[in-house]
**Student:** 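Here you go, one structure.
Computed from heavy atoms alone, side chains included, the values below leave out hydrogens, waters and symmetry copies.
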Amino acid sequence: MNHINVKNNVSWVGKIDWELKKFHGNEYSTHRGSTYNSYLIKEEKVALIDTVWAPFSKEFVENLAARIDLSKIDYIIANHAESDHSGALPELMRHIPDTPIYCTKQGVKSLKGHYHQDWNFHVVKTGDRLSLGEKELIFIEAPMLHWPDSMFCYLTGDNILFSNDAFGQHYASEFMFNDLVDQSELMAECIKYYANILTPFSKMVAKKIKEVLSFGLPVDMICTSHGIIWRDNPTRIVEQYLKWADDYQENQITILYDTMWNGTRVMAENIAKGIAAADNAVNVKLFNIAKRDKNDIITEVFKSKAIVVGSPTINRGILTAVAGILEEIKGLKFSGKKAVAFGCYGWSGESVKIITETLQESGFEVVDEGLKVLWNPDEENIKKCIKYGEKFSTA
Ligand code: FEO
């Protein structure tokens with residue numbers, strides 16, 4: 001599929017990437033692939049909104065040329081300069097080098113930084129309008145959602161918000177509308193996307209949504225740059241974003257650990273037992289960080305009211321899988337969540353202190369000094385772990 005009708009004279013001309021397994025280099029797992037959404041608006045004037053990732057440049061431009069004489073494109077709108085949306089610009093601009101590119105001031109800097117080309121840039125700000133004939137595009141800057149250059153645009157008449165990354169999800173489907181796909185898969189990909197990409201910008205997410213709502217523009221559709229188009233009750237995802245942006249948490253405690261000789265695993269499982277024994281309503285989940293998908297774990301952390309993080313001590317430090325996810329968690333700036341640390345040791349025993357300090361630096365409310373067990377847990381220490389879980393569940 002290389003084209004679908006979105007509404008009236010608006011069509012999708014993007015690329016479905018069924019094979020994508022990792023995004024942002026190796027940073028984000030895309031179990032269900034992704035899409036790079038580009039939109040063609042053929043009114044009296046013709047506008048193209050965003051492009052696709054560079055490996056699909058030639059295919060994109062060929063498909064686009066099959067839809068329209070490229071020289072008839074009056075305006076290119078670059079809502080976001082990141083390569084997954086601007087990657088086909090060099091190939092496209094080879095054909096139509098003078099076509100104006102509308103983007104934010106930061107967008108010019110980013111696009112020049114990526115491609116080192118002095119294209120015909122037109123800087124736009126919030127409230128600026130571009131006439132397409134009877135309809136207009138209205139631009140809305142959205143800095144740090146999630147790059148400094150990010151912006152949305154809104155098509156009057158058709159009442160479509162082109163939101164770029166916001167409200168998107170890495171989800172490949174032949175059925176490009178929200179009402180046509182599996183709802184649980186869709187929402188699982190949406191929350192993963194929010195948790196892993198937008199969490200650090202939550203305050204700005206809430207502010208920007210309130211600002212856009214204050215314009216009073218009717219929104220019949222939200223056309224994102226990844227995944228499906230929201231056409232059935234599009235405000236549902238907007239309301240969901242407001243909840244996620246507000247220190248979101250469910251009644252869940254997540255235990256993350258890695259283990260060398262199973263001692264820390266035994267601790268993890270017995271802490272979980274204690275939590276469940278004290279509160280049978282709480283959802284307790286365990287993840288061996290070294291064996292599970294990092295981004296799926298981050299999503300579970302996002303959903304949690306509290307986390308318990310464990311590592312044995314190695315070389316006066318912690319296992320690299322635990323260090324890696326703690327670094328990621330730190331960058332995501334979670335707030336309003338409790339945490340504690342645990343781990344086995346043989347002699348020096350620094351791991352619990354290191355994890356505790358990292359969790360504190362990362363904005364978690366660490367409720368005590370953590371639980372250390374010398375060598376493998378014996379029966380007495382297993383009881384201690386259960387008690388520790390019971391105590392933590394009510395902390
Ligand atoms: Fe989908 Fe920020 O790029």
**Student:** Assess the residue pair Thr104 and Asp149 against the criterion (side chain to side chain donor-acceptor pair (under 3.5 Å)); give the C-alpha distance rounded to whole Å, side-chain angles, the decisive distance to 0.1 Å, and a yes or no.
**Tutor:** CA-CA 6 Å; Thr104 61; Asp149 69 287; 5.2 Å; no
**Student:** Do Thr156 and Glu136 pair up side chain to side chain, a donor and an acceptor below 3.5 Å, judged on atom types alone?
**Tutor:**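 Side chains of Thr156 and Glu136: no pair found under 3.5 Å.
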**Student:** Salt-bridge test for Lys207 and Glu211: reply yes if a basic N is under 4.0 Å from a carboxylate O, no otherwise.
**Tutor:**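 Salt bridge between Lys207 and Glu211, a charged N being under 4.0 Å from a carboxylate O: no.
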**Student:** List the residues meeting salt bridge (Lys or Arg N to Asp or Glu O under 4.0 Å) with Glu59, not counting sequence neighbours, and say none if there are none.
**Tutor:**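 Expected list: Lys15.
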**Student:** So does Gly336 get a backbone contact from the side chain of Gln249, meaning a donor-acceptor N/O pair under 3.5 Å?
**Tutor:**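 Checked: pair present.
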**Student:** Can you confirm whether or not the ring centre of Phe23 sits under 6.0 Å from the ring centre of His226?
**Tutor:**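 Close enough - the centres of the two rings lie under 6.0 Å apart.
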**Student:** Can you establish whether the number of heavy atoms outside Asp69 located under 6.0 Å from its atom CG is more than 12?
**Tutor:**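 Buried by this count: over 12 neighbours within 6.0 Å.
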**Student:** Please indicate whether Gln183 has more than 12 foreign heavy atoms, meaning atoms of other residues, nucleotides or ligands, lying under 6.0 Å from its CD.
**Tutor:**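 More than 12 heavy atoms, drawn from other residues, nucleotides or ligands, come within 6.0 Å of this atom.
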**Student:** Which label fits Tyr194 and Phe302: parallel for a plane angle under 30°, tilted from 30 to 60°, or perpendicular past 60°?
**Tutor:**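 Tilted: the ring planes of Tyr194 and Phe302 meet at 30° to 60°.
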**Student:** Is the distance between the ring centroids of Phe162 and Tyr39 under 6.0 Å?
**Tutor:**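 When the ring centroids of Phe162 and Tyr39 are compared, they turn out to be within the sub-6.0 Å range.
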**Student:** Could you tell me whether Trp261 atom CH2 has more than 12 heavy atoms of other residues or ligands within 6.0 Å of it?
**Tutor:**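 Not buried by this count: 12 neighbours or fewer within 6.0 Å.
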**Student:** To the nearest 0.5 Å, what is the distance between OG1 (Thr320) and CD (Glu327)?
**Tutor:**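 If I round to the nearest 0.5 Å, the distance is 13.0 Å.
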**Student:** Hey, is the main chain of Glu27 close enough, under 3.5 Å, to the side chain of Lys294 for a donor-acceptor pair?
**Tutor:**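 Checking the backbone N and O of Glu27 against the side chain of Lys294, a donor-acceptor pair under 3.5 Å is found.
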**Student:** Under a 3.5 Å cutoff, is there a donor and acceptor pairing between the side chains of Glu350 and Ser348?
**Tutor:**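 Judged by distance alone, the side chains do pair up.
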**Student:** Could you tell me whether a side-chain N or O of Gln252 sits under 3.5 Å from a main-chain N or O of Asn283, the two making a donor and an acceptor?
**Tutor:**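 Checking the backbone N and O of Asn283 against the side chain of Gln252, no donor-acceptor pair under 3.5 Å is found.
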**Student:** Can you label the angle between the Trp119 ring and the Tyr115 ring as parallel, tilted or perpendicular, going by 30° and 60°?
**Tutor:**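 Correct class here is tilted.
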**Student:** Salt bridge (Lys or Arg N to Asp or Glu O under 4.0 Å) with Lys384: which residues, sequence neighbours excluded?
**Tutor:**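 For Lys384, no residue satisfies salt bridge (Lys or Arg N to Asp or Glu O under 4.0 Å) once neighbours in sequence are set aside.
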**Student:** Is Phe342 linked to Phe364 within one hydrophobic cluster, defined over Ile, Leu, Val, Met, Phe, Trp and Tyr using a side-chain heavy-atom separation of less than 4.5 Å?
**Tutor:**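 They do not share one cluster, since no chain of ILVMFWY contacts under 4.5 Å joins Phe342 to Phe364.
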**Student:** Between Lys192 and Ser29, is any side-chain donor less than 3.5 angstrom from a side-chain acceptor?
**Tutor:**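 Present: a donor and an acceptor within the cut-off.
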**Student:** Looking only at side-chain N and O atoms, does Asp258 offer a donor or acceptor that is under 3.5 Å from a partner on Ser311?
**Tutor:**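 Note: Ser311 and Asp258 side chains miss the donor-acceptor criterion.
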**Student:** If you count the non-hydrogen atoms of other residues, nucleotides and ligands that lie under 6.0 Å from NZ in Lys125, is the total more than 12?
**Tutor:**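 At most 12 heavy atoms, drawn from other residues, nucleotides or ligands, come within 6.0 Å of this atom.
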**Student:** Salt bridge between Asp220 and Arg231, side-chain N to carboxylate O under 4.0 Å?
**Tutor:**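 Between Arg231 and Asp220 there is no salt bridge, as every charged N stays at least 4.0 Å from the carboxylate O atoms.
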**Student:** Judged by atom type as modelled, is there a donor-acceptor pair below 3.5 Å linking the side chain of Ser163 to the main-chain atoms of Ala166?
**Tutor:**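 Such a contact is found between Ser163 side chain and Ala166 backbone.
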**Student:** Please identify each residue that fulfils salt bridge (Lys or Arg N to Asp or Glu O under 4.0 Å) with Lys109, with sequence neighbours left out.
**Tutor:**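 Lys109: no salt bridge (Lys or Arg N to Asp or Glu O under 4.0 Å) contacts found.
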**Student:** Run Thr235 and Asn233 through side chain to side chain donor-acceptor pair (under 3.5 Å) and show every step you take.
**Tutor:** CA-CA 6 Å; Thr235 50; Asn233 191 10; 3.2 Å; yes
**Student:** Would you please say whether a donor-acceptor pair under 3.5 Å links the side chains of Glu82 and His24?
**Tutor:**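 There is such a pair between these side chains.
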**Student:** Show your working on side chain to side chain contact (heavy atoms under 4.5 Å, CB included) between Val238 and Ile222 and close with a plain yes or no.
**Tutor:** CA-CA 10 Å; Val238 178; Ile222 298 176; 3.6 Å; yes
**Student:** Phe167 and ring-ring contact (aromatic ring centres under 6.0 Å, His included): which single residue from Tyr193, Tyr241, Trp230 fits?
**Tutor:**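 Result: among Tyr193, Tyr241, Trp230, Tyr241 is the only option passing the ring-ring contact (aromatic ring centres under 6.0 Å, His included) with Phe167.
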**Student:** Parallel, tilted or perpendicular, judged at 30° and 60°: which one describes the rings of His146 and His80?
**Tutor:**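 Perpendicular: the ring planes of His146 and His80 meet at over 60°.
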